[in-house]
Amino acid sequence: MRTNFLIFPLKFALVFLIALSPVAQKASTLIQEPFDYGTVYLSEPSDLDELGEAGNGWSGPWEIGRGQDTSPAGLPQYASEHEGKNLNRELWADGYASEANHGQTGSVRTHQEGGNPAAIAVREFTDPLSAKFWISFVAMTPEVAGDALLWLGSTTADARGNEILLGLRSQAAFLRTGGEDFQKTIDDPAGLHLILTLIRTEPGTGESAVEVWVDPDVSQGESSLGDPALRSAPGVAFFQAGVPGVGISLNSNGSSIDDMRISDDLILLLQGELP
């Protein structure tokens, strides 16, 4: 019996070439909302409803969304001037590029009548987010009863009772998952804060884990974050079909949100994208 000894080297060469072949990598996602829609003054704020357009990860503009109160008196409003605190030019620790917050002065604030935490404006992503992703935004609640909240639901139409709600409430870090509230006191409660959130969702089951940091050390990326201020209880399922979008709501005079970023890559989120 004659053996062809060339077969074995060829097999090994083929395996070696396959191992060296480049594997296509999915590009990381970065979605930003700098809330920069032109010059509008505090005395003449505009409704957030219908601001923004499709593109850059968004499927369309902000819309009046879910909630018990969708009257204009309660909805978040866009303004480009702030008294005493400029949300766009606050300096953060090394690692967070505040200059990637496009524009000069735009942000979202409470309605002149004080806002309403149940009046939620929502904006949908082009494609639902799933698996693991980060969300950051800056927020402030100058009054004790203030709210500056971000909502994540299984739908953008009506997710009450099955939502993730996070941000600042009563001048403390706040997280609600599965109807259970978690809260923690923070330094400088009336000041401006960077809120960073990590959401992990198990494929198929939708079981989610949510972690929230307030003003974390981001100088070394994930390795320097330390323990989160708040963490959801285990075993809660939310997003079998992914997260379709975000909502925001505000309460009490002066409560504000700015510089929202969403990404599956923390470093990309921290660096942002310059205009």
Side-chain angles (χ1 to χ4, degrees), residues 33 65-68 76 108 115-122 129-141 143-156 159-202 205-218 222 225-240 242-252 255-264 266 269:
E33 172 52 278
R66 55 185 184 262
Q68 297 172 344
V108 177
N116 188 321
I120 308 165
V122 299
L129 302 179
S130 58
K132 175 183 177 180
F133 63 95
W134 301 83
I135 299 179
S136 70
F137 60 100
V138 298
M140 62 186 297
T141 53
E143 296 189 352
V144 174
D147 288 312
L149 301 170
L150 185 145
W151 300 66
L152 300 169
S154 56
T155 71
T156 52
R160 301 192 70 80
N162 184 32
E163 77 270 3
I164 290 176
L165 177 60
L166 61 96
L168 301 178
R169 165 159 280 184
S170 301
Q171 295 187 333
F174 179 79
L175 170 66
R176 175 181 295 167
T177 59
E180 185 175 3
D181 290 356
F182 306 87
Q183 205 155 355
K184 186 174 183 179
T185 57
I186 56 177
D187 295 333
D188 189 18
L192 184 64
H193 298 280
L194 173 64
I195 312 298
L196 178 65
T197 302
L198 171 61
I199 297 179
R200 297 186 182 92
T201 300
E202 291 297 326
T205 67
E207 184 174 317
S208 302
V210 184
E211 297 175 318
V212 180
W213 290 262
V214 179
D215 300 327
D217 178 0
V218 296
E222 192 167 355
L225 291 179
D227 293 332
L230 299 169
R231 181 183 284 116
S232 63
V236 181
F238 291 102
F239 304 125
Q240 289 89 343
V243 180
V246 297
I248 58 174
S249 69
L250 299 162
N251 185 48
S252 293
S255 295
S256 306
I257 288 176
D258 197 11
D259 195 12
M260 184 187 301
R261 308 180 192 181
I262 303 104
S263 181
D264 53 359
L266 177 59
L269 177 143

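- The closest side-chain donor-acceptor pair between W151 and S249 falls under 3.5 angstrom.
- For the atom pair OG (S136) and CG (L196), the distance works out to 6.5 Å, reported to the nearest 0.5 Å.
- Without hydrogens or angle criteria, T177 side chain to S232 main chain gives no donor-acceptor distance under 3.5 Å.
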V210/L198 under side chain to side chain contact (heavy atoms under 4.5 Å, CB included): CA gap, chis, key distance, verdict: CA-CA 6 Å; V210 184; L198 171 61; over 6 Å; no
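- D215 CG to I195 CD1: the interatomic distance, rounded to the nearest 0.5 Å, is 6.5 Å.
- Contact check for V212 versus P228: no side-chain heavy atoms found under the 4.5 Å cut-off.
- Side-chain atoms of V122 and V246, non-hydrogen and from C-beta on, never get closer than 4.5 Å to each other.
- R200 and E211 are joined by a salt bridge, as a carboxylate oxygen and a charged side-chain nitrogen come within less than 4.0 angstrom of each other.
- Not a single donor-acceptor pair under 3.5 Å links the side chain of E33 to the backbone N or O of D259.
- Nearest heavy atoms, M140 versus A190: CE-O, 4.2 Å.
- When all heavy atoms are compared, the tightest approach of A233 to E180 is CB-OE1, 3.8 Å.
- Separation of atoms CG (L168) and OG1 (T141) is listed at 5.0 Å; rounding is to 0.5 Å.
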Passes side chain to side chain contact (heavy atoms under 4.5 Å, CB included), W213 versus V218? Steps please. CA-CA 10 Å; W213 290 262; V218 296; over 6 Å; no
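- In this structure, K184 and L230 approach most closely via the heavy-atom pair CB-CD2, 3.8 Å.
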If you apply the rule side chain to side chain contact (heavy atoms under 4.5 Å, CB included), what do you find for L150 with I135, and how did you get there? CA-CA 10 Å; L150 185 145; I135 299 179; 3.9 Å; yes
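- Side-chain atoms of R176 do not come within 3.5 Å of backbone N or O of D181 as any donor-acceptor pair.
- Between I199 atom CD1 and F133 atom CZ the span is 4.0 Å, to the nearest 0.5 Å.
- Within the 4.5 Å cutoff, the side chain of L149 has no heavy atoms near those of the L250 side chain.
- Residues satisfying the side chain to side chain contact (heavy atoms under 4.5 Å, CB included) criterion with N251, sequence neighbours excluded, are P117, D147.
- Between A119 and P76, the shortest heavy-atom distance links the atoms O-CD, 3.7 Å.
- A donor-acceptor pair under 3.5 Å links the side-chain atoms of H193 to the main chain of D188, judged by distance alone.
- The distance from atom CE of M260 to atom CG of L269, rounded to the nearest 0.5 Å, is 11.5 Å.
- Taken from CD1 in I262 to CG in L129, the straight-line distance is 7.5 Å, to the nearest 0.5 Å.
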Steps toward side chain to side chain contact (heavy atoms under 4.5 Å, CB included) verdict (L266, L225): CA-CA 11 Å; L266 177 59; L225 291 179; 4.1 Å; yes
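- Here Q183 pairs with R169, S170, A172, F174 under the side chain to side chain contact (heavy atoms under 4.5 Å, CB included) rule; sequence neighbours left out.
- Residues S255 and G146 come closest through the heavy atom pair OG-CA, 3.7 Å.
- Contact between G245 and L152 at its shortest, heavy atoms only, is O-CD2, 3.6 Å.
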